[in-house]
Amino acid sequence: QIKTQFGFDHNQITLGNGSNDLLEIFARAFVSEKDSVIYSQHAFAVYALVTQAINAEAIEVPAKGFSHHLEAMAAAVKDNTKLIFIANPNNPTGTWFEEAEFEAFMQKVPANVIVVLDEAYVEYFPEKFNSLKFLKQYPNLIVSRTLSKCYGLAALRVGFALASVEVTDYLNRIRQPFNVNHLAMVAAVAALKDEAFIEKSREVNKAGMAQLEAGFKALGLNYVPSHANFILVDVQADPAETFNKLLKEGVIVRPVGIPNHLRVSIGTEAENAKFLAALGKVLGLEAKA
Ligand SMILES: *Cc1c(COP(=O)(O)O)cnc(C)c1O
C-alpha cells in the first residue's frame, strides 16, 4: 500500500513499531559513541533519548522563537556529526517550515550526514510541503511517517520511513525482522486507503484549532500558531500548577518544559469548549467576546 500510494519500492521502505522504533533504528544504524547528533531546542523529546542511549554527543541548537533554526542547525555540523533530527511540524510547538527553507538547509548539510525529517503530523498540512520529491535529490535524507497521529492508530504501533536504497539497506540490517505485527499491518493498510477519514480528521482539526485560537484571544492569552493537532498556549502562570488545576476540572493537557506554556490537543467542539471554560476558571480570566 505504501508502494502504490507514495510511489516508492520495497527497497526504499523501512517499517517501524511506531516511528519511535524508527528513530532509534536511525541512530543505531548511523551513529556511534564518538559521533554527534544535532537536534533543536523544543523538539521531540525522543531525539535526545535515542542520542543518549548510544552515548553519542548531543548538539541541541537553540530554537528561533519556538521554531527550528535550520540555518543554525546546518552551521552546527561538526566533523563527527552523523545525523540531524528535524520535525515538521514540530512537537511540542506545532511550528513548521516551508520547502524553500528546507531546501536551503539540505544544500548546506554535507552529503555524508543523515537528515531525518520526522513528519508525524504531515497529514495535517499536506498542501504546504512535499517532502517526497526531495528524496530523489538527497540520498542522505530519511522521511519518517506514522499511523499514530492523523490516522488514529497509536496503540497499534506502525510507522514507516522512506529513504534511498542504500540508506534503507542499512536500516533494515538493524531492524528486527518481525518488528511490526501482522494485525497492525492489516489495519495500517486499511487506514492508509481510507482517505475520507483523513479528510474528516483534517476538517475537525482545522475547526478545533480555530475554536481554540478564538478562545485564547477572548481570554487574552497568546499562543504559538500551529500546523499540528495540538497548540501551545502561554497561560502566564506555572504550567505544572495549571496542569494540576485543569486535571481537577477533568481536562488533561501537557506541560512540555517550556516556561508558562501548556500544550493542548485539539478535541471535538464540545471538548474544546469544556477546556476553554476550565482554563478561564483556573486562571481566573473572563472571556471577552
Ligand atoms: C508522536 C511522534 C512520533 C512517533 O510516534 P509513534 O507513535 O512512535 O509513531 C514521532 N515524532 C514526533 C514528532 C511525534 O510527535
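Whatever order the structure lists them in is the order used to number ligands and atoms, beginning at 1.
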inquiry  = Please state which option from D118, L147, D21, N91 has its nearest heavy atom closest to atom 12 (C) of ligand 1.
reply    =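 Ranked by closest heavy atom to atom 12 (C) of ligand 1, first place is D118.
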
In terms of its nearest heavy atom to atom 2 (C) of ligand 1, the top option of R157, K149, E119 is K149

Sequence neighbours excluded, the answer for salt bridge (charged side-chain N to carboxylate O under 4.0 Å, His left out) partners of D9 is K3

Atom 4 (C) of ligand 1 [closest protein heavy-atom partner, distance rounded to 0.1 Å]: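 Atom 4 (C) of ligand 1 sits closest to the protein heavy atom S19 OG, 2.9 Å.
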
If you scan protein heavy atoms around atom 7 (O) of ligand 1, the nearest is S148 OG, 2.6 Å

Exercise for review: Over 60° means perpendicular and under 30° means parallel, so classify the ring planes of Y47 and F85, tilted if in between.
Suggested key: parallel

Greater than 12 external heavy atoms within 6.0 Å of K206's NZ:
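12 or below, so no.
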
Taken in chain and number order and not counting sequence neighbours, the residues that satisfy ring-ring contact (aromatic ring centres under 6.0 Å, His included) with Y138 are none

